[in-house]
Amino acid sequence: MTTASHDAVVIGAGPNGLVAANHLVDAGWSVLLLEAQPEVGGAVRSAEDVHPGFVHDTFSAFYPLAAASDTIASFRLEDHGLRWTHAPAVLGHPFPDGRWALLHHDREVTAGLMEEGHPGDGDAWLELCTVWDRIGDQLIGALLTPFPPIRHGLAALGRLRSVGGLDFVKLLLTPAVEVGTTRFAGREPRILVAGNAGHADIPLTAPGSGLMGVLMTMLGQTVGFPVPVGGAGRLTQALAARFLAAGGEVRCDTEVTRIEVDRGRAAAVVTSGGERFAVRHAVLADVGVTRLYGGLVDAADLPARTLRSMRSFQLDPGTVKVDWALDGAVPWASRPAYAPGTFHVADSVDDMAEALGQVAAGAIPARPFMLAGQMSTTDPTRSPAGTESMWAYTHVPHHVVRDAGHGGIRGEWDESDCERFADRMQDRIERLAPGFGSRIVARRVLGPRQLEARDANLVGGAINGGSSQLNQELVFRPVPGLGRAETPVKGLYLASASAHPGGGVHGAPGMNAARAARAHRRLASVTRPLRAVRSGS
Ligand SMILES: Cc1cc2nc3c(=O)[nH]c(=O)nc-3n(C[C@H](O)[C@H](O)[C@H](O)COP(=O)(O)OP(=O)(O)OC[C@H]3O[C@@H](n4cnc5c(N)ncnc54)[C@H](O)[C@@H]3O)c2cc1C
């Protein structure tokens, strides 16, 4: 059955699909947003589904990139119910000896804590902050706009001398471990930079990891790691509310199974229920690229070079996430001076590097490096007073060759694998917070398969739409080309985290795709009459 044609169909209501849909509806386009799951939000959703009275974010939780994103700011989501809040401290890292590395909102406080750890580190921290003040906004602008980032790139170049010229470029290209050891003497700043680099799948000793570590730490120091009051889902609900108020149309429980291509141009999408939605101008796919080029578009409609390039496309690693409802605060062996929202778990930078190395080598890590969140500490509305809604996640290989922890976890990620690996993760927290286990009233484990079942873009639990290593960034994302949202099919745009600049909730792939669709439309409205004049029709 074919329904009335729309100017654009957006497939997938993750943050990127919602951003694309909002931009197009603002431009006066008629836009239909189709979402496979029962609700919008993609990997930005929350629910009271772990324990009554406790809101848990199903996937992502902290949003520094959204806070720094001009795109998200431009939508004025506060007018649609969104409110942000922050934890007392942005980020913490507990060491096994009871000390903490802490990133406080106030850089002077952060620097003071670092100075206590090692004299001189406080000044080194403030120096890095000053450099970031001069150039950070242009770097973020350059990262979050289409490649090549002419405006922000030129502006950043103009400021380069004031931040040390090529020495600064070298800093950004330096691996995270070295950024830590060359700039700081104490373990606190070193582990904060390394832990933040660990948000991407770039080895801590490889170029690119330093940029990630500096970017995330400096974002923490400038905009913080905010969360939406009431749950992550409030962010995407606000985007959806804005889209609907502007006249957009959303259909949930509607999986797109095929994109019809007519004479090289995207013409319609077909759903699992057999409905066909025709499009006048564009299809924007907030879909993982392995699915887009692996079935949604028929291989016969794609050039051989795209299919060839896709053979070397690399996913980022899989993920296991554990959510806990606790009947009290986390019983830290030694309480931090300021309670952090996000915290990282690794005994040292070496311990972190070892875990990441094991994952890269196909082994289930013996002592997983974990990213974790104390959500009620950050936003007290998440659970009853005095309790904690908490999570931790870590990465695992897609193709498991062994269990480095000798626990016989096979990598099937059935209930047995998931629960045993969750025990391993929990043990790490128990060592830092004795009695943690006795505070648990409910636990939920989402392994790679369970994550993908809740959001098809999380292929095998990959959270970033593809590896963030340098050989798959910029013009290499998702396949070698121009690093832009356009695909080999006219009128079809890749709007998901598989496109430049990749994962994280900043809306850039969605905005880039929507802008590209509009630009092509404008071009077509100029060239079509010209062609008609030339052909005398
Ligand atoms: C466990 C986890 C933790 C994370 N933590 C953070 C964090 O703290 N901060 C941060 O900034 N980022 C975080 N991320 C990453 C971030 O959530 C993603 O990069 C971001 O959600 C990507 O947005 P997207 O719109 O590209 O895709 P998604 O959010 O994955 O949304 C894609 C949507 O498309 C739908 N869809 C897919 N295929 C179809 C189809 N064929 N038909 C119809 N609908 C379809 C899916 O159901 C889904 O709703 C995390 C991710 C995960 C999984």
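Atom set for the values below is all heavy atoms of this structure, side chains included, hydrogens, waters and symmetry mates excluded. All ligand and atom numbering here is 1-based and tracks the order in the structure.
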Problem - Nearest non-hydrogen protein atom, atom 9 (N) of ligand 1 - result: Phe62 O, 2.7 Å
Handout entry: N or O pair under 3.5 Å between Thr319 and ligand 1
Key = no
Practice task
Would you tell me which option among Ala495, Ala43, Pro64 has the nearest heavy-atom contact to atom 29 (O) of ligand 1?
Solution key: Ala43
Problem - Atoms in ligand 1 with a heavy atom of Ser496 nearer than 4.0 Å - result: 26 (O)
Problem - Check: Thr71 and Leu144 side chains under 4.5 Å, non-hydrogen atoms - result: no
Handout entry: For atom 11 (O) of ligand 1, closest protein heavy-atom neighbour
Key = Val505 N, 2.9 Å
Handout entry: Part of Ala61 within contact of ligand 1 (heavy atoms, under 4.0 Å)
Key = backbone
Problem - Side-chain donor/acceptor of Gln469 to backbone N/O of Ile202, under 3.5 Å - result: no
Problem - Min N/O separation Ala36 to ligand 1 under 3.5 Å - result: yes
Handout entry: Ser389-His56 side chain donor-acceptor pair, cut-off 3.5 Å
Key = yes
Exercise for the section: Provide, to 0.1 Å, the distance between atom 12 (N) of ligand 1 and the closest protein heavy atom, together with that atom's residue and name. Expected result: Gly504 CA, 3.6 Å
Practice task
Could you tell me whether Ala456 and ligand 1 have an N or O pair separated by under 3.5 Å?
Solution key: no
Problem - atom 25 (O) of ligand 1: the protein heavy-atom neighbour that sits closest, reported with distance to 0.1 Å - result: Asp286 OD2, 2.7 Å
Practice task
Answer yes or no for Thr254: is there a heavy-atom contact with ligand 1 below 4.0 Å?
Solution key: yes
Practice task
Heavy-atom contacts with Gly503 under 4.0 Å: which atoms of ligand 1 show up? List them by number with element.
Solution key: 19 (O)
Handout entry: Electrostatic pair Asp57:Arg382 at N-O distance under 4.0 angstrom
Key = yes
Exercise for the section: Would you indicate whether the side-chain heavy atoms of Glu388 and Trp324 approach each other to under 4.5 Å? Expected result: no
Completion exercise
Among Ile11, Leu458, Val256, Ile259, the residue with a heavy atom nearest to atom 41 (N) of ligand 1 is Val256
Exercise for the section: Inspect the contact between Asp455 and Arg45 and indicate whether a charged nitrogen and a carboxylate oxygen are less than 4.0 angstrom apart. Expected result: no
Practice task
Kindly indicate whether the side chain of Val289, heavy atoms from C-beta on, has any atom under 4.5 Å from the side chain of Leu494.
Solution key: yes
Practice task
Return the residue, atom name and 0.1 Å-rounded distance of the protein heavy atom closest to atom 31 (O) of ligand 1.
Solution key: Gly14 CA, 3.2 Å
Practice task
Examine ligand 1 and decide if any of its atoms is less than 4.0 Å from a heavy atom belonging to Asp455.
Solution key: yes
Practice task
Please state whether Pro15 comes within less than 4.0 angstrom of ligand 1, counting heavy atoms only.
Solution key: yes
Handout entry: SB check Arg291 Glu452 (cutoff 4.0 Å)
Key = yes
Handout entry: Asp262 bridged to Lys490 by N-O distance under 4.0 Å
Key = no
Completion exercise
The atoms of ligand 1 lying under 4.0 Å from a heavy atom of Tyr393, numbered in the order shown, are 3 (C)
Handout entry: Nitrogen or oxygen of Asn16 less than 3.5 angstrom from that of ligand 1
Key = yes
Fill in the blank from the handout: If we number the atoms of ligand 1 from 1 as shown, the ones under 4.0 Å from a heavy atom of Gln37 are 47 (O)
Exercise for the section: Please state which part of Leu34 comes within less than 4.0 Å of ligand 1, counting heavy atoms only: side chain, backbone, both or neither. Expected result: backbone
Practice task
Take the angle between the ring planes of His93 and His344 and call it parallel below 30°, perpendicular above 60°, tilted in between.
Solution key: perpendicular
Problem - Pairwise side-chain contact, Pro448 with Val396, heavy-atom cut-off 4.5 Å (strictly under) - result: yes
Practice task
Specify the protein heavy atom at minimum distance from atom 37 (C) of ligand 1: its residue, its atom name, and the distance to 0.1 Å.
Solution key: Asn457 OD1, 3.0 Å
Completion exercise
atom 2 (C) of ligand 1 sits nearest the protein heavy atom Phe59 C, 3.7 Å
Exercise for the section: Please confirm whether Tyr63 comes within less than 3.5 Å of ligand 1 when only nitrogen or oxygen atoms on both sides are compared. Expected result: no
Problem - Side chain to side chain, Arg515 and His23, heavy atoms closer than 4.5 Å - result: yes
Completion exercise
atom 50 (C) of ligand 1 sits nearest the protein heavy atom Ser60 CB, 3.6 Å
Completion exercise
Value for OG1 (Thr254) from CG (Leu34), rounded to nearest 0.5 Å, stands at 6.0 Å
Exercise for the section: Please tell me if the side chains of Leu326 and Thr387 come closer than 4.5 Å, counting only heavy atoms from C-beta onward. Expected result: no
